[in-house]
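Because the structure is a prediction, the values reported are computed rather than measured.
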Amino acid sequence: MRKAVRNGILIDEDQAVLPVTLRSVQYAYSCYEALKLKNGEFVHLDEHLRRLDESLKGIGIVKTFTDEDIRTWLEMLKTAEGLFNETFRILVVGERPNIVFITHQETRIYPSSYYDEGVGCITYQGERFLPNYKTSNLLLSYLALESAEEKGCFEALFVNRYGYITEGTRSNFYALKGKKIYTAPDKDVLLGVTRIGVSECADELGLEIVYEPVYLKDAFLYDSLFISSTSMKAIPIKELDGKAVPRKSGDLVKELSELVGKWE
């Protein structure tokens with residue numbers, strides 16, 4: 001049986017459960033963070049813990065644990081399971097004291113064809129509630145991703161009330177034109193750790209990040225479109241709503257993806 005951690009105690013994964021009668025469960029009053037273990041080391045752990053703190057503060061959850069607790073519990077689970085390359089998920093439920101679960105699963109490895117040929121995406125009308133915070137309010141993302149999968153696509157991209165693409169259900173969205181990468185303003189999206197990596201790697205390639213809306217009506221006028229996340233690095237989009245997307249900068253997106261992979 002795979003193991004998990006609950007508030008510093010090692011448990012069987014099937015014991016990582018919550019009573020449905022808890023108000024925090026019924027109202028999805030919780031935050032989460034996902035991070036990689038790569039070659040035995042947790043990747044950008046400081047940044048992930050900072051992101052978790054920002055999410056908790058953003059929705060008013062007062063921490064009853066410390067960052068050092070999380071570090072200790074991650075190491076406990078890593079050692080107990082003999083893990084070397086894995087993805088961990090931290091869930092903090094807003095009870096007093098907090099209920100903290102740490103679980104793990106194999107890091108997903110995407111086919112090389114995703115990076116060479118790109119993936120299909122759909123657009124989905126909607127805006128995430130409190131987009132800067134990684135909360136468990138994921139109904140919109142669930143519905144959008146279900147719609148994408150029903151259409152045989154990899155990801156769904158949210159289009160807000162103003163008609164521009166903000167982000168994916170599990171990714172950030174970018175449009176490349178010349179030497180500029182366009183992405184939604186920070187206030188409209190989840191400020192994930194990999195978004196920092198894309199910015200740093202773009203700078204290394206001499207590319208400028210421009211935080212301006214990419215309107216759906218203009219999406220096919222860019223040289224290339226791509227998405228990124230902790231597990232994806234940078235994956236090009238080959239089709240959007242069934243229509244072929246330009247791949248004029250395909251080699252540049254692939255180079256950026258390789259740099260993000262090294263940054264991780």
| Heavy-atom check, side chain of C201 versus side chain of L256, under 4.5 Å | yes
| said: Between C31 and I59, is there a side-chain heavy-atom distance shorter than 4.5 Å? | reply: yes
| query | Does the side chain to side chain contact (heavy atoms under 4.5 Å, CB included) test come out yes or no for V253 and I235, once each step is laid out? | reply | CA-CA 8 Å; V253 174; I235 295 180; over 6 Å; no
| task | List, by chain and number, the other hydrophobic cluster members for I196, where Ile, Leu, Val, Met, Phe, Trp and Tyr join if side-chain heavy atoms come within less than 4.5 Å, directly or indirectly. | result | V193, W263
| task | Would you sort out whether E95 and S24 count as a side chain to side chain donor-acceptor pair (under 3.5 Å), showing the intermediate values? | result | CA-CA 7 Å; E95 294 292 309; S24 56; 2.4 Å; yes
| said: Given the ring of F154, does R170 sit roughly above its face, with NZ or CZ under 6.0 Å from the centre of the six-membered ring and within 45° of the axis? | reply: yes
| field | Residue pairs involving residues 103-127 (criterion salt bridge (Lys or Arg N to Asp or Glu O under 4.0 Å); sequence neighbours excluded) | value | D116-K254, E127-R161
| said: Donor-acceptor pair, distance only, cut-off 3.5 Å: does the side chain of T194 make one with the backbone of T230? | reply: yes
| task | Without swapping roles, check the side chain of S229 against the backbone of M232 for a donor-acceptor pair under 3.5 Å. | result | yes
| query | Would you find more than 12 non-hydrogen atoms of other residues, nucleotides or ligands less than 6.0 Å from Y162 atom OH? | reply | no
| Looking at residues at least two apart in the chain, or sitting in another chain, which of them share a salt bridge (Lys or Arg N to Asp or Glu O under 4.0 Å) with D12? | K3
| What pairs meet the ring-ring contact (aromatic ring centres under 6.0 Å, His included) rule with one or both residues in residues 173-206, with sequence neighbours excluded? | Y174-F226, Y182-Y222
| message | Could you check whether any side-chain heavy atom of S171 comes within less than 4.5 Å of a side-chain heavy atom of E155, counting everything from C-beta outward? | response | yes
| field | Student check: side-chain heavy atoms of E208 and I181 closer than 4.5 Å | value | no
| task | Dump the intermediate steps for side chain to side chain donor-acceptor pair (under 3.5 Å) on T107 and N85, then the final yes or no. | result | CA-CA 7 Å; T107 297; N85 290 292; over 6 Å; no
| query | Residues two or more places apart in sequence or in another chain: which of them pass salt bridge (Lys or Arg N to Asp or Glu O under 4.0 Å) with D203? | reply | none
| query | Does any non-hydrogen side-chain atom of Y211 lie less than 4.5 Å from one of T183? | reply | yes
| field | Sidechain N-carboxylate O distance under 4.0 Å for E258, K233 | value | no
| message | Using side chain to side chain contact (heavy atoms under 4.5 Å, CB included), reason through V100 and I70 one step at a time and then give a plain yes or no. | response | CA-CA 9 Å; V100 183; I70 296 294; 4.0 Å; yes
| message | Given 3.5 Å as the limit, does a donor-acceptor pair link the side chain of S55 with the main chain of K134, or not? | response | yes
| query | For the side chain of S224 and the backbone of L176, is there at least one donor-acceptor N/O pair under 3.5 Å apart? | reply | no
| message | Tell me if a side-chain donor or acceptor on Q105 pairs with a main-chain N or O of T87 at a distance below 3.5 Å. | response | no
| query | Quick check: does any side chain N or O of N132 sit under 3.5 Å from a backbone N or O of L190, one acting as donor and the other as acceptor? | reply | no
| request: Please check if any side-chain donor atom of S228 sits under 3.5 Å from a side-chain acceptor atom of N172, or the reverse. | output: no
| message | Between L10 and F101, is there shared hydrophobic-cluster membership here, with clusters defined by ILVMFWY side-chain heavy atoms closer than 4.5 Å? | response | no
| said: Side chains of I90 and L35, heavy atoms from C-beta outward: is any pair under 4.5 Å? | reply: yes
| message | Suppose we screen for side-chain contact (heavy atoms from CB on, under 4.5 Å). Which residues come up paired with S147, at least two apart in sequence or across chains? | response | I122, Y124, K151
| task | Take atom CZ of F129 as the centre, draw a 6.0 Å sphere, and report whether it contains more than 12 heavy atoms from other residues, nucleotides or ligands. | result | no
| message | Does E81 form a side chain to side chain contact (heavy atoms under 4.5 Å, CB included) with E86? I'd like the steps, not just the answer. | response | CA-CA 11 Å; E81 296 282 70; E86 198 82 350; over 6 Å; no
| said: Once rounded to the nearest 0.5 Å, what's the spacing between atom CG of D67 and atom CG of L49? | reply: 4.5 Å
| task | Evaluate the criterion salt bridge (Lys or Arg N to Asp or Glu O under 4.0 Å) for residue pair R50 and E54; output intermediate values, then yes/no. | result | CA-CA 6 Å; R50 178 183 56 79; E54 290 174 356; 2.9 Å; yes
| said: Any heavy-atom pair between the side chains of I102 and L74 that's under 4.5 Å? | reply: yes
| said: Has N98 got a side-chain atom pairing as donor or acceptor with T64's backbone, closer than 3.5 angstrom? | reply: yes
| said: Could you check whether D69 and T66, counting side-chain N and O atoms only, form a donor-acceptor pair closer than 3.5 Å? | reply: yes
| said: Can a donor-acceptor pair be found, under 3.5 Å and without considering hydrogens, that links the side chain of S30 to the backbone of V93? | reply: no
| field | Contacts of type salt bridge (Lys or Arg N to Asp or Glu O under 4.0 Å), residue E13, not counting sequence neighbours | value | R2
| query | Would you say P19 and L22 make side-chain contact, with heavy atoms under 4.5 Å? | reply | yes
| said: Closer than 3.5 angstrom, by distance alone: can the side chain of R6 be matched with the main-chain N or O of I9 as a donor-acceptor pair? | reply: no
| Honestly curious: do V260 and L252 fall in one hydrophobic cluster under the side-chain, below-4.5 Å linking rule? | yes
| Of all residues at least two apart in sequence or in a different chain, which pass the ring pair (Phe, Tyr, Trp, His ring centres under 6.0 Å) check with Y32? | none
| query | Mind checking what makes side chain to side chain donor-acceptor pair (under 3.5 Å) contact with E33, not counting sequence neighbours? | reply | H48
| Which residues satisfy the ring pair (Phe, Tyr, Trp, His ring centres under 6.0 Å) test with Y164, sequence neighbours excluded? | Y215
| For L157 and I237, what are the C-alpha separation, side-chain angles and deciding distance, and is it a side chain to side chain contact (heavy atoms under 4.5 Å, CB included)? | CA-CA 11 Å; L157 305 176; I237 298 172; 4.0 Å; yes
| field | CA sep, side-chain torsions, deciding dist, call: S141, T169, side chain to side chain donor-acceptor pair (under 3.5 Å) | value | CA-CA 5 Å; S141 295; T169 67; 5.4 Å; no
| message | Listing request: all salt bridge (Lys or Arg N to Asp or Glu O under 4.0 Å) pairs with a residue in residues 175-191, at least two apart in sequence or in separate chains. | response | D186-R195
| query | How would you list, by chain and number, every residue that makes a ring pair (Phe, Tyr, Trp, His ring centres under 6.0 Å) with F42, sequence neighbours excluded? | reply | F88
| query | Do other residues, nucleotides or ligands put more than 12 heavy atoms under 6.0 Å from D14 CG? | reply | yes
| message | More than 12 heavy atoms of other residues, nucleotides or ligands under 6.0 Å from OH of Y27: yes or no? | response | no
